[in-house]
Q: 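Below are the structure tokens for one structure; questions will follow.
Index from 1, following the sequence. For the numbers below, each heavy atom of this structure counts, side chains included, while hydrogens, waters and symmetry mates do not.
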Amino acid sequence: MSLSIAYLGPPGTYTEAAATAYAERLQKQQGQQSLLCAYPSIGQTLQSVANQQADLAVVPVENSIEGSVAMTLDRLWQLDQLQIQQALVLPIRHCLMSRASTIADIKTVYSHPQALAQCQGWLEHFLPSVQLVPTNSTTEALQFLDKDHNAAAIASQRAAKLYTLPVLASNINDYPDNFTRFWVLSLKPSPGGSHTSLAFSPPANIPGSLSKPLQVFARRGINLSRIESRPTKRLLGEYIFFIELESDLYTPLFKAALEEIIPDQEILKIFGSYTLINVDNFTFNS
């Protein structure tokens with residue numbers, strides 16, 4: 001029986017590349033067949049697993065240039081029954097594709113907001129007067145190119161091949177070391193691993209409400225590898241803190257730290273422990 005893997009589509013997105021890499025890994029290591037299912041947004045991708053319409057979801061969570069993907073963090077806080085099974089790190093190499101004769105003919109550029117931001121310097125230099133239009137995914141942007149030959153889209157080289165689109169410029173991201181981390185999530189318990197992600201909301205905005213829980217981990221020698229704040233969406237100045245720690249959730253040391261910090265939090269949610277896999281040798285070069 002095949003696993004269904006939800007991802008941010010349509011086919012050709014970087015998320016599909018990450019999902020395909022994960023499916024290939026499952027096939028190679030476990031002999032597990034997978035069926036990839038495209039969804040039009042990150043929220044719907046995650047909701048499909050929460051509703052048991054899909055077994056796994058692959059979603060972007062952080063880019064090395066533009067930082068965290070807010071939609072992923074916000075929906076994970078809301079759908080706290082989801083658990084991270086794996087983290088995938090994929091290199092991002094953006095291309096500009098269009099049916100325009102030359103770059104000078106381009107009037108509008110479509111892409112996902114993260115992709116537009118990751119190519120901001122290139123766009124300002126080569127296309128300073130074009131209109132930038134955000135889309136739900138890099139591949140969704142491609143639908144405009146057949147209708148408007150003065151339009152361009154930023155997406156992957158693989159997307160250009162899939163949809164037979166001319167590439168006018170390659171590797172246009174502002175920084176060559178451009179990587180995105182994706183999480184693989186399901187309703188199954190966390191498998192354990194080298195990193196653990198959790199989030200907490202302090203009961204009040206008072207001195208030490210953030211530093212105290214971080215000191216609990218520091219005293220035990222548990223390294224903090226990432227921290228991000230998101231508004232609670234209740235009152236201005238109230239925040240949820242997402243943190244990643246270099247420790248397995250199931251170790252006695254980590255459990256002791258949790259027991260110490262839980263009483264001081266209004267809400268604390270654990271999203272699981274997992275390992276990080278680098279998929280930079282991925283076949284599709286996406």
Side-chain angles (χ1 to χ4, degrees), residues 3-26 34-79 82-95 97 110-119 133-144 153-163 165 173 178-187 197 230 271 274 277 279 282 284-286:
L3 281 175
S4 55
I5 303 178
Y7 71 93
L8 175 63
T13 62
Y14 293 100
T15 309
E16 188 217 15
T20 303
Y22 186 70
E24 289 180 354
R25 182 180 178 85
L26 290 177
S34 301
L35 174 66
L36 270 60
C37 306
Y39 284 83
S41 70
I42 290 173
Q44 288 171 277
T45 302
L46 293 171
Q47 192 68 52
S48 70
V49 177
N51 294 343
Q52 300 185 43
Q53 296 169 338
D55 298 307
L56 298 166
V58 177
V59 293
V61 65
E62 180 186 19
N63 177 260
S64 59
I65 296 175
E66 285 302 305
S68 297
V69 180
M71 174 61 74
T72 297
L73 297 180
D74 289 348
R75 290 308 296 267
L76 189 57
W77 176 261
Q78 297 164 2
L79 303 172
L82 299 181
Q83 289 283 288
I84 304 168
Q85 306 294 306
Q86 196 84 65
L88 309 170
V89 180
L90 185 78
I92 305 299
R93 305 180 185 99
H94 291 307
C95 298
M97 52 202 73
Y110 297 88
S111 196
H112 188 275
Q114 284 260 341
L116 293 173
Q118 291 162 25
C119 303
V133 181
T135 57
N136 285 327
S137 71
T138 52
T139 308
E140 184 185 279
L142 306 181
Q143 65 180 304
F144 300 99
I154 295 174
S156 68
Q157 184 73 43
R158 178 171 179 253
K161 292 178 181 178
L162 283 175
Y163 297 96
L165 290 166
N173 31 281
N178 186 8
F179 294 87
T180 293
R181 184 191 303 198
F182 299 83
W183 278 341
V184 181
L185 300 114
S186 81
L187 292 174
S197 283
R230 293 292 301 153
F271 304 121
Y274 48 89
I277 299 174
V279 290
F282 184 48
F284 292 149
N285 194 32
S286 297

Q: With sequence neighbours excluded, tell me which residues meet side chain to side chain donor-acceptor pair (under 3.5 Å) with N136.
A: E140

Q: Does T72 reach the main-chain N or O of P60 with its side chain, forming a donor-acceptor pair under 3.5 Å?
A: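 Between the backbone of P60 and the side chain of T72 there is a qualifying donor-acceptor contact (under 3.5 Å).
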
Q: Going by the rule side chain to side chain donor-acceptor pair (under 3.5 Å), which residues pair with S64 if we only count those two or more places apart in sequence or in a different chain?
A: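 Residues passing side chain to side chain donor-acceptor pair (under 3.5 Å) with S64: none at all.
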
Q: Measure the spacing between CZ of R230 and CG of L76 and express it to the nearest 0.5 Å.
A: 12.5 Å

Q: In Å, rounded to the nearest 0.5 Å, how long is the span from CZ of R25 to CG of L88?
A: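 These two atoms lie 8.5 Å from each other.
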
Q: Taking all atoms of both residues into account, what is the closest heavy-atom pair of A17 and L90, and its distance?
A: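 Closest approach of A17 to L90, heavy atoms only: CB-CD2, 4.0 Å.
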
Q: CD/Q114 to CG/N178 distance, rounded to the nearest 0.5 angstrom?
A: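 So the CD of Q114 and the CG of N178 are separated by 9.0 Å.
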
Q: Could you tell me which non-hydrogen atom of L36 sits nearest to which non-hydrogen atom of A23, and how far apart they are?
A: CD1-CB, 4.0 Å

Q: Looking only at heavy atoms, which two atoms of G12 and A159 are closest? And how far apart?
A: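 In terms of heavy atoms, the two residues are closest at O-CB, 3.6 Å.
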
Q: How long is the span from the CE atom in M97 to the NZ atom in K161, to the nearest 0.5 Å?
A: 11.0 Å

Q: I'd like to know if the side chain of T13 reaches the main chain of T139, judged simply by a donor and an acceptor atom lying under 3.5 Å from each other, with no hydrogens or angles considered.
A: no

Q: C95 and S156: which non-hydrogen atoms are nearest, and at how many Å?
A: SG-C, 4.5 Å

Q: Can you name the side chain to side chain donor-acceptor pair (under 3.5 Å) partners of Y110, sequence neighbours left out?
A: none

Q: Report the residues that fulfil ring pair (Phe, Tyr, Trp, His ring centres under 6.0 Å) with H94, sequence neighbours left out, ordered by chain and then residue number.
A: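 With sequence neighbours excluded, H94 shows a ring pair (Phe, Tyr, Trp, His ring centres under 6.0 Å) to Y14, given in chain and number order.
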
Q: Can you check whether V61 reaches L73 side chain to side chain, under 4.5 Å on heavy atoms?
A: yes

Q: Run the side chain to side chain donor-acceptor pair (under 3.5 Å) test against T180 and tell me which residues pass, sequence neighbours left out.
A: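 Listed in chain order: N63.
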
Q: Any non-hydrogen side-chain atom of T20 less than 4.5 Å from a side-chain atom of Y7?
A: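 Result no, sub-4.5 Å side-chain heavy-atom pair not found.
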
Q: Once you round to the nearest 0.5 Å, how far does CG of L8 lie from OH of Y39?
A: 12.5 Å

Q: So do the side chains of L56 and Y22 get within less than 4.5 Å of each other, counting heavy atoms only?
A: yes

Q: Which heavy atom of L82 sits nearest to which heavy atom of A50, and what is that distance?
A: CD2-N, 4.1 Å

Q: Look up atom CG in L185 and atom CD in Q86, then write down how far apart they are to the nearest 0.5 Å.
A: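 Going from the CG atom of L185 to the CD atom of Q86 covers 11.0 Å.
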
Q: Examine the side chains of Y274 and S197 and answer whether a donor and an acceptor come within less than 3.5 Å of each other.
A: yes

Q: So which of V58, I277, I5 actually passes side chain to side chain contact (heavy atoms under 4.5 Å, CB included) with V184?
A: V58

Q: If you compare all heavy atoms of A6 against all heavy atoms of S48, which two are closest, and at what distance to 0.1 Å?
A: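 Answer, listing the atom of A6 first, then S48: CB-OG, 3.3 Å.
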
Q: Applying salt bridge (charged side-chain N to carboxylate O under 4.0 Å, His left out), which residue pairs with at least one partner in residues 46-65 are found, sequence neighbours left out?
A: E62-R181, E62-R226

Q: So, using side-chain contact (heavy atoms from CB on, under 4.5 Å) as the criterion, who are the partners of L35 when residues are at least two apart?
A: S2, C37

